Chemist: 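Could you have a look at this structure, given as structure tokens, before my questions?
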Amino acid sequence: MSRTRFTRAVYAAVRRIPPGTVATYGQIAAAVGHPRAARAVGTALARLPRHLANQVPWHRVVGASGISARDDPERAATQREKLIDEGVAVTAGGRIRRDRSR
DNA sequence: GGTCTGACATATT
DNA sequence: GAATATGCCAGAC
């Protein structure tokens with residue numbers, strides 16, 4: 001199975017994100033001990049299994065410029081709506097207000 | 001087991 | 001702010 005220690009650490013870190021708050025991939029990567037592995041965080045979440053998607057608030061993880069979702073625009077829309085539903089201020093461009101991130 | 005791809009970041013121009 | 005270049009790590013083939 002592909003879920004490595006790193007991946008599990010990422011899931012754990014994402015789970016620790018407080019509601020109504022978003023974290024960047026860089027922050028997650030740094031949280032698991034790999035400040036330069038933002039990309040790995042992306043792939044790990046991209047291959048996030050459904051059963052884990054239920055317990056991991058992946059929608060709280062955004063890119064440095066907000067929601068990225070270069071692979072699936074639908075995902076971006078879902079993520080944006082979920083964030084808005086949680087009270088996160090997401091602009092029309094998919095960017096997050098600085099007081100909610102960082 | 002080597003290579004390509006990718007939900008990225010940071011620095012520089 | 002946008003475009004370009006480089007580094008980083010894990011997953012899929």
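Keep in mind that this is a model prediction, so the values were computed, not measured. Each chain gets a letter, A, B and so on, in the order the sequences are listed, and its residues count up from 1.
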Chemist: Check every atom of B:dG6, C:dC9, C:dC8 against the side chain of A:Thr43 and return the nucleotide holding the closest atom.
Modeler: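 Among the listed nucleotides, the one closest to the side chain of A:Thr43 is B:dG6.
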Chemist: So if I take every side-chain heavy atom of A:Leu45 and compare against C:dG11, B:dA7, B:dA9, which nucleotide ends up nearest?
Modeler: B:dA7
Chemist: Side-chain N or O of A:Thr4 less than 4.0 angstrom from OP1 or OP2 on C:dG11?
Modeler: yes
Chemist: How many whole angstroms separate atom CZ of A:Arg39 from atom P of C:dT6?
Modeler: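 The answer, rounded to whole Å, is 13 Å.
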Chemist: Taking CD from A:Gln27 and P from C:dC8, how many angstroms apart are they, rounded to a whole number?
Modeler: 21 Å
Chemist: CZ of A:Arg47 versus C1' of C:dA12: gap in Å, rounded?
Modeler: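 Going from A:Arg47 (CZ) to C:dA12 (C1'), I get 7 Å.
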Chemist: Using the side-chain heavy atoms of A:Gln79, tell me which of these nucleotides is nearest: B:dA7, C:dG11, C:dA10.
Modeler: B:dA7
Chemist: Rounded to whole angstrom units, what separation is found between the CD1 atom of A:Ile28 and the P atom of B:dA9?
Modeler: 11 Å
Chemist: Under 4.0 angstrom, heavy atoms only, what part of the nucleic acid is A:Ala40 near: base, sugar-phosphate, or nothing?
Modeler: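 Base: the residue A:Ala40, judged by heavy atoms under 4.0 Å, touches a nucleobase.
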Chemist: Whole Å only: how far is the CZ atom of A:Arg5 from the P atom of C:dG11?
Modeler: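 About 11 Å, once rounded to whole Å.
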Chemist: Starting from the 5' end of DNA chain C, give me the residue, A:Val41 or A:Arg95, whose nearest nucleotide shows up first.
Modeler: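 Result: A:Arg95.
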Chemist: Any donor and acceptor pair, going by atom type alone, linking the side chain of A:Gln27 with main-chain N or O of A:Val61 inside 3.5 Å?
Modeler: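 Absent.
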Chemist: Regarding A:Ala46, tell me which of base, sugar-phosphate or nothing describes its non-hydrogen contacts under 4.0 Å with the strands shown.
Modeler: base
Chemist: Among the candidates C:dC8, C:dC9, B:dA9, find the nucleotide nearest to the side-chain atoms of A:Arg36.
Modeler: C:dC8
Chemist: Of all heavy-atom pairs between A:Pro49 and A:Tyr11, which one has the smallest distance, and what is that distance?
Modeler: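 That closest heavy-atom pairing would be CD-OH, 3.8 Å.
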Chemist: Give a yes or no answer on whether the side chain of A:Arg97 reaches the backbone of A:Ala89 with a donor-acceptor pair at less than 3.5 Å.
Modeler: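 Pair absent, no side-chain N/O of A:Arg97 close to backbone of A:Ala89.
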Chemist: Does A:Thr7 have a side-chain nitrogen or oxygen under 4.0 Å from the phosphate oxygens OP1 or OP2 of C:dG11?
Modeler: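 For A:Thr7, the contact criterion (side-chain N or O under 4.0 Å from OP1 or OP2 of C:dG11) is met.
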